[in-house]
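Each remark here refers to the structure printed beneath this line.
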Amino acid sequence: MRGERRRDARPPAPVGRVQPARRVAIEVIMAVRESDAYANLLLPVKLERARLGQQDAALATELTYGTLRQQGYYDAVIRLAANRPTEEIDSPILDVLRLGAHQLLSMRVAQHAAVDESVSLAHEVGTRSAAGFVNGVLRTISRSTPDEWRARVMASPRSDDERLSLEHSHPVWVVRAFRRALAAEGRAEELEDLLIADNFAPRVSLVALPGLATIAEIRGAQKAKYSPLAAVSDGGDPGLWPAVDEGRARVQDEGSQLAALALSRAKPIVPGERWLDLCAGPGGKAALLAAEALEGGATLVANEVTPARAELVRKALSVFADPPQVLEFDGRTVGARLPGQFDRILIDAPCTGLGALRRRPEARWRKQPKDVAELAVLQAELLESGLTALAPGGILAYVTCSPHLAETRVVLDTVLAKTDGIVRLDTPSVLAGVTKRPLDLGDTGLHVQLWPHRHGTDAMFICLMQRSL
């Protein structure tokens, strides 16, 4: 397939009309691959521009997220149906095949519609011969049932990790990382439940910012399990709630809320305290911390090194009459710039994002094991900087949206082994005083690890530390 786009002339027009929902889906899928776009950010923009009705918007959402989630499994099917490695298929054509495979294997879509519109998309992004190739592969897929294809794919794994990788469409290295993280808390038998949970879209979780909104204003939504400030919805446009439209309530995962509340409610707030959100972009946790600080008489400072993300933080904080200051420092330098200046610090460290695969399914294909090692170095440097910026008696929350041990326990152990005057707080006990019901935790010691399959949240890691007086 490689080279056919260069040899053949592109047809003057597609052979058929492509339904708007499928066009939106393929545009997002291609942007994710070509420019590292985030589907959860780009898709709403595309839907708004396309002015799709509710039904078509729901279809485009399922096409996009379903294809991205199951990409690994669909590639295995395509390899068998095409009788060639997917690496030999032009990337845009492979995107079309994945989208078509999702419709044929996982949706109640008429076979002729899935095949015909995929062929039309292939004409637009490739060549006549590429369109013929798509037609042939998808018709081959359509001749067997989804169960028959699953049996063929599952005949090839050489290990249990490979089986889980194929069946649940996670890279093998991610499966192994999850296995180790669960085993570390004595729950290795939950691995398959976790992988299954990653492939289901989460409910919409919202937070009512203290002092600005209440859960009661989010009419029709249900109260959440754990966060006292959360409500959950099965779908629809959150912006239709006035509190959300006005910025007084936000879409925010319940795990993220608990990460912020663990810091803000670890001990009573003393008026005049100074708080720091060291890695604040895009601003969701900063807004919650700012609301909590305002109610207790404290002041929040937010920091974000990337100018574009710093602007997102300012926008998130603009709901306050006197918005918190937003700095644009490299977080690794804040300790040297502002030593001992803050009573509470949140480090929501840049990470692989493996804890949010339900919301950002493309992250599982975007990240590689080498990224973990590079991020761990950055995470350690940020933690060292944050601890230096911590005032005597101050509390720091180290948070990642990843359960990978190299990004969580190993970073903490490495930094704290060479840092004097810092003790770990009993984070499970702190959160026990925050949550509406007990958290089912494994053997986590003094930190908390949340899980999609067990708590219905992103896999947030939370550890509180305190500098001695």
Side-chain angles (χ1 to χ4, degrees), residues 33 65-81 84-87 94 98 101-102 105-106 146-202 351-376 400-411 440-444 449-455 457-461:
R33 175 183 51 78
Y65 284 114
T67 301
L68 291 172
R69 285 191 188 99
Q70 297 293 336
Q71 176 179 310
Y73 176 73
Y74 295 145
D75 281 2
V77 172
I78 291 166
R79 281 193 293 272
L80 293 173
R84 70 177 64 179
T86 52
E87 293 80 8
L94 184 56
R98 290 165 174 163
H102 179 59
L105 298 174
S106 301
D147 287 343
E148 289 170 338
W149 278 113
R150 186 162 294 276
R152 292 172 195 168
V153 169
M154 298 313 298
S156 62
R158 296 166 295 180
S159 69
D160 190 48
D161 285 345
E162 286 190 11
R163 175 188 69 80
L164 291 171
S165 171
L166 282 172
E167 187 170 6
H168 302 294
S169 203
H170 286 65
V172 172
W173 76 270
V174 174
V175 172
R176 291 171 178 161
F178 285 171
R179 184 189 294 279
R180 288 191 290 269
L182 285 166
E185 58 182 74
R187 299 285 189 93
E189 72 280 0
E190 296 179 2
L191 175 58
E192 192 156 10
D193 291 337
L194 169 59
L195 299 176
I196 291 170
D198 268 351
N199 287 330
F200 280 92
C351 66
T352 55
L354 297 180
L357 298 185
R358 303 175 305 157
R359 303 177 191 281
R360 295 190 288 274
E362 68 275 9
R364 70 188 77 182
W365 314 116
R366 181 172 288 165
K367 298 297 183 182
Q368 302 295 329
K370 65 179 179 63
D371 297 321
V372 177
E374 295 171 359
L375 284 165
T400 66
C401 190
S402 169
H404 198 299
L405 295 179
E407 300 185 85
T408 57
R409 299 188 187 204
V410 174
V411 168
D440 177 14
L441 301 175
D443 182 14
T444 57
Q449 177 64 67
L450 302 175
W451 294 101
H453 67 289
R454 201 186 303 160
H455 306 108
T457 69
D458 290 344
M460 303 295 296
F461 176 89

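Keep in mind that what you see is a predicted model, and the values were worked out from it rather than measured.
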### Summary
Between Asp193 and His453, the two heavy atoms sitting closest are O-CB, 3.5 Å
### Summary
Pro202 and Arg359 have their tightest heavy-atom pair at CG-NH1, 3.6 Å
### Summary
Nearest heavy-atom contact between Glu167 and Met154 is CB-CE, 3.8 Å
### Message
In the structure I gave you, are the side-chain heavy atoms of Leu182 and Arg454 within less than 4.5 Å of one another anywhere?
### Response
yes
### Query
Quick one: are Leu441 and Glu185 in side-chain contact, heavy atoms under 4.5 Å?
no
#### Entry: Backbone N/O of His170 and side chain of Ser165: donor-acceptor pair under 3.5 Å
yes
### Message
With a 4.0 Å cut-off on N to O distance, would you call Asp147 and Arg150 a salt bridge?
### Response
no
### Query
What pairs with Leu80 under side chain to side chain contact (heavy atoms under 4.5 Å, CB included), at least two apart in sequence or on another chain?
Trp149, Arg152, Val153
### Query
Do side-chain atoms of His455 reach the backbone of Trp451 as a donor and acceptor pair under 3.5 angstrom?
yes
### Query
Does Tyr73 offer a backbone N or O that forms a donor-acceptor pair with the side chain of Ser169 under 3.5 Å?
yes
#### Entry: Nearest non-hydrogen partners of Leu450 and Asp458, listed with the distance
CB-O, 3.7 Å
### Summary
Tightest non-hydrogen contact, residues Lys367 and Trp173, listed as O-CZ2, 3.5 Å
### Query
Can you tell if the side chain of Leu105 reaches within under 4.5 Å of the side chain of Gln70, non-hydrogen atoms only?
no
### Message
Please find the pair of heavy atoms, one from Leu354 and one from Phe178, that lie closest to each other, and give the distance.
### Response
O-CZ, 3.5 Å
